[in-house]
Amino acid sequence: MEIQKEYPMTQEGYNKLEEELEHLKTVKRPEVVEKIKVARSFGDLSENSEYDAAKDEQGFVEQEIVKIEMMLRHAKIISGDGSKSEVQIGRTVKFVEVPDGDEESYMIVGSAEADPFEGKISNESPIAKSLIGKKVNDEVNVPLPNGNEMRVKIVEIS
């Protein structure tokens with residue numbers, strides 16, 4: 001029996017995925033069907049690059065729909081109602097690099113809604129894995145891609 005992966009996410013992330021799924025089904029899918037219909041009208045499909053591109057796009061859209069449906073089906077909604085005394089999914093953690101680094105702040109979310117440019121990092125990232133379960137004033141070693149480590153001190157959890 002295959003064990004299905006859970007997708008932890010905030011309610012906001014879940015809602016965003018539902019909206020994306022709805023857009024793919026009601027807007028994107030019909031657009032691609034129309035592109036295929038137009039490309040077919042150009043005649044010989046064996047040398048029709050517009051048709052090939054539209055079929056590729058259709059495959060991508062259908063693959064995204066299946067992926068999002070699976071993520072939503074196996075979503076585990078993380079509420080921010082728990083304790084703010086330790087770092088966990090759904091919490092924002094503020095930390096500084098020891099001894100004299102800049103202050104940084106990230107919300108730890110499930111991989112489905114991670115977006116570092118919006119300050120949201122995946123619970124599966126090395127930094128989040130290092131911080132989860134820790135408390136304010138804890139100092140933590142975070143592995144870096146180059147094999148070194150960075151030491152950070154947690155200053156706030158919200």
Side-chain angles (χ1 to χ4, degrees), residues 1-29 31-32 35 49 52-158:
M1 187 169 126
E2 184 181 328
I3 297 174
Q4 182 57 50
K5 176 181 177 181
E6 277 189 340
Y7 293 91
M9 61 184 74
T10 61
Q11 185 64 52
E12 175 189 350
Y14 185 89
N15 295 346
K16 208 169 175 182
L17 275 179
E18 280 187 321
E19 288 172 15
E20 184 178 347
L21 179 63
E22 186 66 20
H23 176 77
L24 287 170
K25 285 181 168 182
T26 60
V27 177
K28 213 54 184 152
R29 185 185 267 167
E31 283 177 1
V32 173
K35 285 180 185 178
S49 62
D52 290 340
K55 288 300 279 182
D56 287 347
E57 186 177 359
Q58 181 184 38
F60 174 77
V61 168
E62 294 304 321
Q63 186 177 4
E64 278 298 295
I65 288 171
V66 168
K67 181 179 98 178
I68 292 171
E69 285 176 337
M70 191 224 0
M71 291 169 80
L72 290 172
R73 198 170 30 256
H74 298 287
K76 180 180 178 198
I77 304 299
I78 305 300
S79 66
D81 299 340
S83 168
K84 293 183 181 180
S85 65
E86 72 177 38
V87 179
Q88 54 187 301
I89 298 174
R91 293 273 169 240
T92 299
V93 59
K94 194 179 290 185
F95 59 87
V96 292
E97 191 174 342
V98 175
D100 55 358
D102 294 332
E103 191 171 83
E104 295 183 47
S105 180
Y106 294 102
M107 181 177 199
I108 298 177
V109 296
S111 59
E113 62 182 307
D115 185 350
F117 297 111
E118 287 188 21
K120 296 179 178 182
I121 60 172
S122 167
N123 64 310
E124 298 173 3
S125 69
I127 192 161
K129 284 181 179 178
S130 299
L131 295 172
I132 290 176
K134 303 299 187 277
K135 301 178 181 329
V136 172
N137 292 324
D138 283 357
E139 290 192 13
V140 181
N141 289 326
V142 177
L144 298 174
N146 63 9
N148 293 331
E149 287 187 334
M150 160 177 81
R151 189 150 182 86
V152 299
K153 180 177 182 179
I154 300 171
V155 295
E156 183 181 325
I157 301 168
S158 57

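Start at 1 with the first residue, then count along the sequence.
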Do [X] and [Y] make a side-chain contact, defined as non-hydrogen atoms from C-beta onward lying under 4.5 Å apart?
X	Y	result
L72	E18	yes
N137	K153	yes
L24	I68	yes
S105	T92	yes
I108	V93	yes
M70	Y7	yes
R29	E62	yes

Here's a test for you: under side chain to side chain contact (heavy atoms under 4.5 Å, CB included), which of E139, K134, K135 qualifies with I154? K134

Contacts table for residues 115-129: side-chain donor-acceptor under 3.5 angstrom, sequence neighbours left out:
unit_1 : atom_1 : unit_2 : atom_2 : d
D115   : OD1    : F117   : N      : 3.2
K120   : NZ     : E12    : OE2    : 3.4
S122   : OG     : E124   : N      : 2.9
E124   : OE2    : K5     : NZ     : 3.2
S125   : OG     : S122   : O      : 2.8
S125   : OG     : A128   : N      : 3.3

Drop me the distance from [X]'s [atom1] to [Y]'s [atom2], to the nearest 0.5 angstrom.
X	Y	atom1	atom2	value
K16	M9	NZ	CE	12.0 Å
L17	E69	CG	CD	11.5 Å
E86	L131	CD	CG	12.0 Å
Q88	I157	CD	CD1	8.5 Å
H23	I65	NE2	CD1	10.5 Å
E156	F95	CD	CZ	13.0 Å

Taken in chain and number order and not counting sequence neighbours, the residues that satisfy salt bridge (charged side-chain N to carboxylate O under 4.0 Å, His left out) with K55 are none

Before you tell me yes or no, could you show the steps for E19 and N15 under side chain to side chain donor-acceptor pair (under 3.5 Å), namely the whole-Å CA-CA distance, both residues' side-chain angles and the distance that decides it to 0.1 Å? CA-CA 6 Å; E19 288 172 15; N15 295 346; over 6 Å; no

Start with the C-alpha distance between E31 and E57, add both sets of side-chain angles, then the distance that settles side chain to side chain contact (heavy atoms under 4.5 Å, CB included), and finish with yes or no. CA-CA 10 Å; E31 283 177 1; E57 186 177 359; 5.5 Å; no

Between [X] and [Y], which heavy-atom pair has the shortest distance, and what is it?
X	Y	result
A112	M71	CB-CE, 2.8 Å
R91	S158	CD-O, 3.3 Å
E149	L144	C-CD1, 4.0 Å

Steps toward side chain to side chain contact (heavy atoms under 4.5 Å, CB included) verdict (E103, V155): CA-CA 9 Å; E103 191 171 83; V155 295; 3.8 Å; yes

Check the surroundings of atom CG in N146: do more than 12 heavy atoms from other residues, nucleotides or ligands lie under 6.0 Å from it?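 It does: N146 CG has more than 12 such atoms within range.
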
Does a side-chain N-to-carboxylate-O contact under 4.0 Å join E22 and K25? no

Check whether any side-chain N or O of E113 sits under 3.5 Å from a backbone N or O of T10 as a donor-acceptor pair, and report yes or no.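 Side chain of E113 to backbone of T10, a donor-acceptor pair under 3.5 Å: yes, one is there.
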
